[in-house]
Visitor: 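So that we are looking at the same thing, I have put the structure below in structure tokens.
Here is the naming used below: chain letters follow the sequence lines, and residue numbers restart at 1 for every chain.
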Amino acid sequence: MSSAVLHLDEVSKTFALAKGRELTAVDKVSFEVERNSIVVLLGPSGCGKSTVLRMIAGLETPTGGTITLGETPVTGPGRDRGMVFQAYTSFDWLSVRRNVEFGMKINGVPAAERREQAEHFIRLVGLSKFLDAYPSQLSGGMRQRVAIARTLANGPELLLMDEPFGALDAETRWQMQELMIDVAEQAQTGMIIVTHDIEEAIFLADKIVFLSAHPGRVKEEIIPAFKSGGRIRSKEELVQTPGYAELERKIMRLMREEGQHE
Amino acid sequence: MRSPSPHKSRFLEVRRPVSRRQAALSAIAIWVLFFGIWLIAAEGGMVNPLLVPSPVQVFETTWNLFVDRGFIGDIGISVWRVVLAFAMASALSVPLGVMMGTFPAIEAIFAPFVSAWRYLPAPSFIPILLMWFGTGEAPKLALLFLGVVFFLITLVMDHTKNVRKELIETALTLGANRKVTVLNVVLPAVLPEIVTAMRQMLAVTWTYLVIAEIVASTTGIGAMMMRARRFLKTDEILSGIIVIGVLGLVFDLLFKAAHRWLFPYLQEKR
């Protein structure tokens, strides 16, 4: 048996349009996510990468193929696949602490354990000073930290993130990307991250699944060879790493090829 | 001609906020102007005193109504009608509106019905309500209820539909079932908007109250005003108008205060 936690086997999604026409957004996409690894779905706009992520989350139903988590087919949303969105999703009426406790509370985790877990994950994302603040008092980056802590505290097998840092300014983006490397190692959770930012993809990914557009198909799976000795912890280190610039050029070329089809 | 200085302060500046002091002075000035014109017109004999009594007389009459004529009883009855009818309308509208905004299947059942009723002016039901319920409290409460309920349902439904999809999907991927999603995410997310909608519709309830009491009532502020008309007491009519205005303002302020108290997290924007 392989060490993969998630299998996608020829997953397709066709949307029905007006007048009986159809649009195939995702066409026979297959890939695997290894235990505790970070997989990045990368591709030009229109490649259906968000749709793939939403199908894994169970928020959309595939029209073909199967998605299996462990041994169980995915049939709908569930706490084993927590999702962080690009838009802020903090529950504004709850303090940071209660936001992070939310998932555990609705799943019947006892209060004492809830409190302890929440404080652990709030510390992990660096918000200990803001335990009792309301989300409206926090900056955009801090709100995304709350969303990440809330999802992790719920103990998912996979953390799904749909362009989670897309709305943040450049400096906050780096901080969040570096934070995600720490989080991945400490929380021991697999992650699937959707992005169209090439640098972000190379920095975070143990494996990049590059999708082509119209319809979305897996064009290439890329494993950054220079990470064989372990993940890279800072952006400065990344840009100095031999092989980084070459990989970035290669992915840019892939992006351009896709652009020309339009 | 002097050259324009960049720091020269002019009265009219495009979109420049005014100071609190200026705002307060402006508010006082417009009311002083209003009462001033009224006072001069009435005391200076420019208008028929039978039709337009002076503001001084109206305030004296208002005082007398409270002290000698049990006006507080009429006010009590009017407030009671508004509060009771509005509470009944809210008890139906809020749960139904939230359900319609959350579940398209429920919207599909009720929306065609509710939107048709919205176009029927509630006062057109007065004759039939009088025939059904006689002259007691029931026809008044029914008119207030009918005048508000369909608008309130629609407002609550629309606000509920505006709860962002990502909030609901976040709840689902955290393992929430339908009940938890509606009660612990959709409802708290939309509650501030619901309270604001209720505040707006309470003002409309006051409108229907006056209609109900003028048309078919022997008690309440509206009935008092119609009695005064029979005896040509314009000062009493104007007292009634002022009291209704003040009551509307008081209820509005109470709702605003309740909003601040219920939703402290909305005040802490930075």
Visitor: Could you tell me whether the side chain of A:Gln86 reaches within less than 4.5 Å of the side chain of B:Glu166, counting heavy atoms only?
Guide: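 When only atoms from C-beta onward are counted, A:Gln86 and B:Glu166 do not touch, as no gap falls below 4.5 Å.
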
Visitor: Rounded at 0.5 Å granularity, tell me how far CG in A:Asn154 sits from OG1 in B:Thr173.
Guide: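 Here the interatomic distance stands at 8.5 Å.
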
Visitor: For B:Arg178, is the CZ atom crowded, meaning more than 12 foreign heavy atoms sit under 6.0 Å from it?
Guide: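 No, the 6.0 Å shell around CZ holds no more than 12 heavy atoms from other groups.
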
Visitor: Tell me whether A:Asn107 contacts the main-chain N or O of B:Leu174 through its side chain, where contact means a donor paired with an acceptor under 3.5 Å.
Guide: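 Present.
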
Visitor: I need the B:Leu262 CG to A:Trp93 CH2 distance, nearest 0.5 Å.
Guide: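 B:Leu262 CG to A:Trp93 CH2: 15.0 Å, rounded to 0.5 Å.
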
Visitor: Which atoms form the tightest heavy-atom contact between B:Val185 and A:Phe102, and what is the distance?
Guide: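 For B:Val185 versus A:Phe102, the nearest heavy atoms are CG2-CZ, 3.6 Å.
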
Visitor: What part of B:Lys179 gets closer than 4.5 Å to chain A, counting heavy atoms only: side chain, backbone, both or neither?
Guide: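 B:Lys179 has no heavy atom closer than 4.5 Å to chain A.
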
Visitor: Is A:Ser95 close to chain B through its backbone or its side chain, or both, or neither, when contacts mean heavy atoms under 4.5 Å?
Guide: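 Neither part.
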
Visitor: Side chain, backbone, both or neither: which part of B:Asn177 has an atom under 4.5 Å from a heavy atom of chain A?
Guide: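 Neither the backbone nor the side chain of B:Asn177 comes within 4.5 Å of chain A.
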
Visitor: Determine yes or no for a side-chain-to-main-chain donor-acceptor pair under 3.5 angstrom, with A:Thr89 supplying the side chain and B:Thr170 the backbone.
Guide: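 Not at all, since once roles are kept as given, no pair shorter than 3.5 Å links the two residues.
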
Visitor: Please say whether more than 12 non-hydrogen atoms of neighbouring residues, nucleotides or ligands are located less than 6.0 Å from NZ in A:Lys207.
Guide: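 Yes, because the 6.0 Å sphere around NZ of A:Lys207 holds more than 12 heavy atoms from other groups.
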
Visitor: Quick one: pull up OH in B:Tyr265 and CG in A:Leu94 and give me the separation to the nearest 0.5 Å.
Guide: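 If I round to the nearest 0.5 Å, the distance is 8.5 Å.
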
Visitor: Under 4.5 Å heavy-atom distance to chain B, tell me which part of A:Arg150 shows up: side chain, backbone, both or neither.
Guide: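 Contact with chain B involves both backbone and side-chain atoms of A:Arg150.
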
Visitor: Check this for me: B:Glu13, atom CD, are more than 12 non-hydrogen atoms of other residues, nucleotides or ligands nearer than 6.0 Å?
Guide: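 Counting other residues, nucleotides and ligands, CD of B:Glu13 exceeds 12 neighbours.
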
Visitor: Check whether more than 12 heavy atoms from other residues, nucleotides or ligands sit under 6.0 Å from atom CZ of B:Arg16, and answer yes or no.
Guide: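 Yes.
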
